[in-house]
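This report refers to the structure that appears directly beneath it.
Proteins come first, then strands; the chains are lettered A, B, ... in the order of their sequence lines, and each starts at number 1.
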Amino acid sequence: MNERYEPQTIEARWQKRWEEAGVFKAGRRPQAEPRYVLEMFPYPSGAMHMGHARVYTIGDALARFLRMRGHDVLHPIGYDALGLPAENAAIKDGRHPAERTAENIVSFRADMKRLGFSFDWEREIATCDPSYYRWNQWFFLKMLEKGIVYRRQGKANWCTGCMTVIANEQVVDDTCERCNSKVVEKVIPEWAFRITAYADRLLEGLDGLTTWPERITTMQRNWIGKSIGAEVDFALQGGSEKIKVFTTRVDTIHGCTYVVLAPEHPLTAAVTRPAQRAEVEAFVARMKKTEAAERTGEGAPKEGVFTGAHAVNPFTGEAVPVWIANFVLAEYGTGAVMSVPAHDQRDFEFARKYRLPIRTVIQPAGGGRTPPGDQLEAATTEDGVTEGSGPFSGLPSAQARERMSAHAAAGGFGGATVRWHLRDWGFSRQRYWGTPIPIVYCDDHGAVPVPYDQLPVKLPPQAIITGTGEPPLAKVPEFVNTACPTCGKPARRETETMDTFVDSSWYYARYLSPKDETRPFDPALARRWLPVDVYVGGPEHAVMHLLYFRFWHRVMHELGLTAEPEPCQRLVTQGIVNGPDGRKMSKRWNNVVAPGYMVDKFGADTVRLFMLFAAPPEKDIDWSDEQVDGLFRFLTRVWRLFHARQASFAAREGALAQASGPFPELRRRTHRTIKKVTEGMQDDLKFNTGIAALMELMNELQGLEPRDEGGHAAVREALLAMATLLAPFAPHCAEELWHEVMGPAGRDRLVAEEPWPSFDAALTVADTVTVAVQVNGKLRGEVQVPAAAAEAEVRAAAEADEKVQGYLSGKALKKVVYVK
RNA sequence: GGCCCUCUGGCGAAACGGUAAACGCGCUCGACUCAAAAUCGAGUGGGGCAACCCCCCGUCCCGGUUCGAGUCCGGGGAGGGCCACCA
């Protein structure tokens, strides 16, 4: 062994050995319990950054640990390679996205290999590969058959400069991030997934995800947004139409003094009276031109116009005016609201502005009075007790809601209902770099699905990117012109592509049989490996990817492809790696630290240790050159320690019992370290405290020089433990050290495959312990007692302690003895 | 506005309701060196004290539960995240 720790000279060698030995291949231990460890696959735009280094280090440490624990571990990797960022980068530098993406993948793969991640590289996938996206198309067809995919009119962000639809992420303050032109909303036909049909199941499923971070499940709950309320029909006075409103506060309906429609509401034109027509039309036209955020954002002033119409409140028989206002959203609820200004702040502000009546119908349940509407300063929005509500007066809000909903149902003018915040997922993109949607438009047969045996519909290599607003694929005649699958006559292909989130919704299943040409994946393997045991990724995916992922898995479950309805048991959301200055790493701040550069400088093991030691996985961390130096120093010390203790390498196991002097204490430290590291891995992925324990063991070993065989044996035990415990974190260094201690006996073995060490529980407790003594809750002294001492004995020792006695003038009331 | 998270030395952080600050960084002092770097050793929350004996104070603030609270409960503050005129 080289006397100096030079990671650059050893790391590539071990990486090669692992690969040759195939130790990271999944499925090698059919008898063992399987574990699927997954990290969110990277979007290979540009080079790998520190955030990637962190996710994969976390997952890798866990995968390596589980392998050493005897599990059959699936730990795959791939690339989320289709999508807008790649296409935009391509537009910017005039290169084909495929070419650029391929290069980026090469660079990512190299960086990941250099960090020593234990991926099963034979399962590598890239979503831009037709052998992958053909299954997106396959799922599309299946979901079309089941009615989960449908065509609708949808709203899109239309950039007036680029003349194309762009993604939400690209819209910054109503302007296009690329050309700074105005972005407007445009209604165009699009394909959508009926994810709303799964809203209830996606919501209920969250209850079972007990090991997901609560903030993630909470965000999903809010996003799905179940709200229980009632629908009530307000009949138009002097007409046959009915305005259906949705409310969560039907208990306040007797306080309704007007009704408001969204500008886009289908009844808007029909209800407007001739006298108001000009004003209403002008208002609607203006709203149409205004960007959604500006119109309905919180800062936007409430604006509306009167239609001249009146509608009848079915509970009171009273006719109330019908208005149109900017803040009512056509797509939520029924696109119409009943306004109760006394008990809804938004309605209150609107009523004030337009001098509409305000009527109090709820009184606080706990006493006190709400003043009459004309004296209110603000709406009172809490539940209370109804008043002035006819037969429903005097009821608590909750009860009033129930009875009034029932009353509406009985009268045939409404009833209890549930509304969701979740919208269907529009996945059409007028873009090139995505999965082509397998549909052919025929003059005679309309939209015809491409037959399964004609998949994949391949993306044509000719990328003609944008300009006119038509999808780029529309400009490739070889692609567009085809024959109708039904009648064979000339027909045109769908030229839209799928949202990238489709690719990432099921990739984890493709890893099971990545080369399968007959189906997306093998259901038999899914039964063995799914659901994913641990999924590591950033919390920014809480409501997009992680919801689509759950939705897609349910669909696959219904298709009989998976046994369980949920895709993933446990989710770990890792924090951000910030720059050394504590700000987000960015070119703007000139604080970007490249993983590759750091690996060159310190070696992969030091970078990995930094990622794991800086803080628990879910916390944000700041890159710190000083901390990195410290971790490199740690590995150097460990290295030198092994070098200095070579004399102990040959010690016999059997000599352990003779360990005397400070060596029984060393053995205790060794076993406590094993315990600490093991528990840290199993419980909360507390890598940082595990590594700290290894540092303590090293500190202790540094001060010990064995003189007899028992001492040498104890040192050898500690060194072997250290090498194996270090293996998930700093695997290259661990291999090297382990082989040194083992000598010829370990020549053909790899620590990556060694069994994880076990600890002797009896050795983790000391013979004598220090017990802190508290009097009246204050620390007043400490006593040394045998670890096996009985309570009475400890108590006697404590009471005998002179310091403690000084505080015991009376008698102790209670004593609680604790063992350290 | 709603929902959620966080708050502990100079810094990153530890701590089944039981000696707060393990471990690392930084800093100070010492050893080695002509010197420096590297390395090794010692110290390092604040205050009192001649004293590294000991005492007091210390986990954002206020209150509570408890023999005992960084940890549990209630209220408040600051910082951060997500959603947001969602009826």
Side-chain angles (χ1 to χ4, degrees), chain A residues 4 213-223 225-227 229-231 245-250 252 256 259-260 262 293 295-303 325-329 331-340 343-347 349-350 381 419-423 539-540 542-543 575-576 582 609-610 613-616 618-631 633-634 636-637 640 676 679 683 686 688-699 702-703 770-782 803 812-820:
Chain A
R4 294 192 33 190
E214 205 180 309
R215 66 192 195 102
I216 301 293
T217 50
T218 302
M219 278 163 72
Q220 291 215 349
R221 254 183 208 104
N222 293 341
W223 188 262
K226 182 177 188 172
S227 88
E231 281 178 354
V245 304
F246 171 69
T247 178
T248 54
R249 291 298 305 274
V250 70
T252 66
C256 169
V259 165
V260 190
R295 195 190 99 192
T296 60
E298 194 178 10
K302 290 169 183 42
E303 279 189 274
N326 60 342
F327 62 84
V328 177
L329 308 173
E331 63 272 20
Y332 186 78
T334 59
V337 300
M338 64 171 211
S339 286
V340 184
H343 305 296
D344 181 284
Q345 186 58 25
R346 191 193 43 207
D347 294 345
E349 287 167 30
F350 193 80
T381 56
R419 290 283 163 179
W420 305 87
H421 172 262
L422 185 69
R423 307 294 156 79
E540 68 274 16
V543 288
I576 295 168
L609 275 183
F610 172 77
F613 183 68
E618 56 293 344
K619 290 201 75 169
D620 289 353
I621 57 178
D622 296 346
W623 179 265
S624 158
D625 289 326
E626 290 80 12
Q627 285 281 345
V628 172
D629 284 338
L631 270 331
R633 223 159 20 230
F634 167 63
T636 305
R637 279 186 202 137
R640 277 205 302 263
K676 181 97 184 171
E679 287 173 353
D683 304 343
K686 293 218 146 205
N688 56 336
T689 54
I691 293 167
L694 284 167
M695 289 171 170
E696 288 183 74
L697 177 59
M698 186 205 61
N699 288 341
Q702 264 184 337
T770 307
V771 176
V773 182
Q774 292 181 352
V775 178
N776 291 329
K778 290 233 173 217
L779 179 69
R780 291 308 185 196
E782 48 185 49
K803 268 176 67 185
L813 293 164
K814 269 187 213 169
K815 282 191 67 160
V816 180
V817 176
Y818 63 95
V819 179
K820 217 167 107 167

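- Checking the phosphate oxygens (OP1, OP2) of B:G1, no side-chain nitrogen or oxygen of A:Arg346 falls inside 4.0 Å.
- Closest approach to the A:Tyr332 side chain among B:A87, B:A22, B:G12 is made by B:A87 (side chain taken as heavy atoms from C-beta onward).
- Side chain A:Gln627 to base B:G24: a donor-acceptor pair is found below 3.5 Å.
- Spacing between atom NE2 of A:His421 and atom P of B:A87 amounts to 9 Å, rounded to whole angstrom units.
- Inter-residue side-chain proximity for A:Arg221 and A:Thr217 is flagged as met; some heavy-atom pair is nearer than 4.5 Å.
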Dot-bracket assigned to RNA chain B with the 3.5 Å Watson-Crick/G-U criterion, [ ] for crossing and | for other-strand pairs, is (((((((..(((.....[....)))((((((.......))))))((((.....))))..(((((..]....))))))))))))....

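- Taking atom C1' on both nucleotides, B:A20 is separated from B:A13 by 13 Å, rounded to a whole Å.
- Distance A:Arg4 CZ to B:A38 C1': 10 Å, rounded to the nearest Å.
- Following rounding to the nearest Å, A:Asp620 (CG) and B:C11 (C1') show an atom-to-atom distance of 16 Å.
- Rounded to the nearest Å, the gap between the P atom of B:G70 and that of B:A15 is 16 Å.
- Here the closest non-hydrogen pair linking A:His421 and A:Trp223 is ND1-O, 2.7 Å.
- Rounded to whole Å, the separation between the C1' atoms of B:U65 and B:G12 comes to 34 Å.
- Taking atom C1' in both B:U71 and B:A14, one finds a spacing of 13 Å when rounded to whole Å.
- A pairwise comparison of heavy atoms in A:Thr381 and A:Gln345 identifies CG2-N, 4.1 Å as the closest pair.
- For the pair A:Gln702 CD and B:A42 C1', the interatomic distance rounds to 15 Å; values are reported in whole Å.
- Using C1' as the reference atom, B:U59 and B:G45 are 11 Å apart when rounded to the nearest Å.
- Within 4.0 Å (heavy atoms only), A:Lys686 reaches sugar-phosphate atoms of the nucleic acid but no base atom.
- Two residues are said to be in side-chain contact when any heavy atoms from C-beta on lie closer than 4.5 Å; A:Arg249 and A:Val340 fail this criterion.
- Looking at A:Arg215 and A:Pro539, their side chains come closer than 4.5 Å, going by heavy atoms from C-beta outward.
- The CZ atom of A:Arg637 lies 7.0 Å from the CG atom of A:Asn699; values are rounded to the nearest 0.5 Å.
- Out of B:A22, B:G24, B:C85, the shortest distance to the side chain of A:Asn326 is found at B:C85.
- One atom, CD of A:Gln220, and another, P of B:G81, lie 21 Å apart when rounded to the nearest Å.
- With B:G12, B:A14, B:C25 as the candidates, the nucleotide lying closest to the side chain of A:Thr689 is B:A14.
- B:C40 and B:U19 have their C1' atoms separated by 31 Å, given to the nearest Å.
- For A:Trp420, the ring-ring contact (aromatic ring centres under 6.0 Å, His included) test picks out no residue, with sequence neighbours left out.
- Distances from the side chain of A:Arg640 to the nucleotides B:C40, B:G24, B:A87 place B:C40 closest.
- Listed candidates were B:C23, B:A87, B:A13. Nearest to the side chain of A:Leu329 is B:A87.
- The side chain of A:Arg633 contributes no N or O atom lying less than 4.0 Å from OP1 or OP2 of B:A38.
- Comparing B:C86, B:C40, B:C25 by their closest approach to the side chain of A:Arg423 singles out B:C86.
- Distance noted for atom C1' between B:G58 and B:U8: 10 Å (whole Å).
- Side-chain atoms of A:Arg249 stay outside donor-acceptor range of the base of B:A87, with no qualifying N/O pair under 3.5 Å.
- Picking from B:C25, B:G41, B:C4 the nucleotide with the shortest atom distance to the side chain of A:Thr218 gives B:C4.
- Side-chain proximity of A:Pro616 to the nucleotides B:A22, B:A14, B:C86 is greatest for B:A14.
- The residue A:Gly630 sits close only to the backbone: its heavy atoms come under 4.0 Å of sugar-phosphate atoms, none of a base.
- Using a 4.0 Å heavy-atom criterion, one finds that A:Asp622 contacts no nucleic acid atom at all.
- Residues A:Leu631 and A:Arg633 are not in side-chain contact: their nearest non-hydrogen atoms beyond the backbone lie 4.5 Å or more apart.
- Distance, A:Asp625 CG to B:G26 P: 11 Å, rounded to whole Å.
- A:Leu609 has its CG atom 15 Å from the C1' atom of B:G12, to the nearest Å.
- Nearest-nucleotide mapping onto RNA chain B: of A:Arg637 and A:Ala336, the residue sitting toward the 5' end is A:Arg637.
- In this structure, CG on A:Leu697 lies 13.5 Å from NZ on A:Lys676, to the nearest 0.5 angstrom.
- The residue A:Asp344 sits apart from the nucleic acid: no heavy atom pair falls under 4.0 Å.
- Residue A:Lys302 places its side chain closer to B:C85 than to any other of B:C85, B:C25, B:A22.
- Side-chain N/O atoms of A:Asn699 include one lying less than 4.0 angstrom from OP1 or OP2 on B:G24.
- Between A:Lys619 and B:A13 there is a side-chain N or O to OP1 or OP2 distance below 4.0 Å.
- Glycosidic conformation of B:G47: anti, with the torsion beyond 90° of 0.
- At a threshold of 4.5 Å between non-hydrogen side-chain atoms, the residues A:Phe634 and A:Phe613 do not count as touching.
- Nucleotides B:C53 and B:G43, compared at atom P, are 13 Å apart to the nearest Å.
- Under the 4.5 Å side-chain criterion, counting only non-hydrogen atoms from C-beta, A:Thr248 is not in contact with A:Arg419.
- Along RNA chain B, the nucleotide closest to A:Gly703 and the one closest to A:Asp347 are compared, and the more 5′ of them pairs with A:Gly703.
- Atom CG of A:Asn222 is separated from atom C1' of B:C3 by 5 Å (rounded to the nearest Å).
- No engagement by A:Pro539 is indicated, since no non-hydrogen atom pair under 4.0 Å with the nucleic acid exists.
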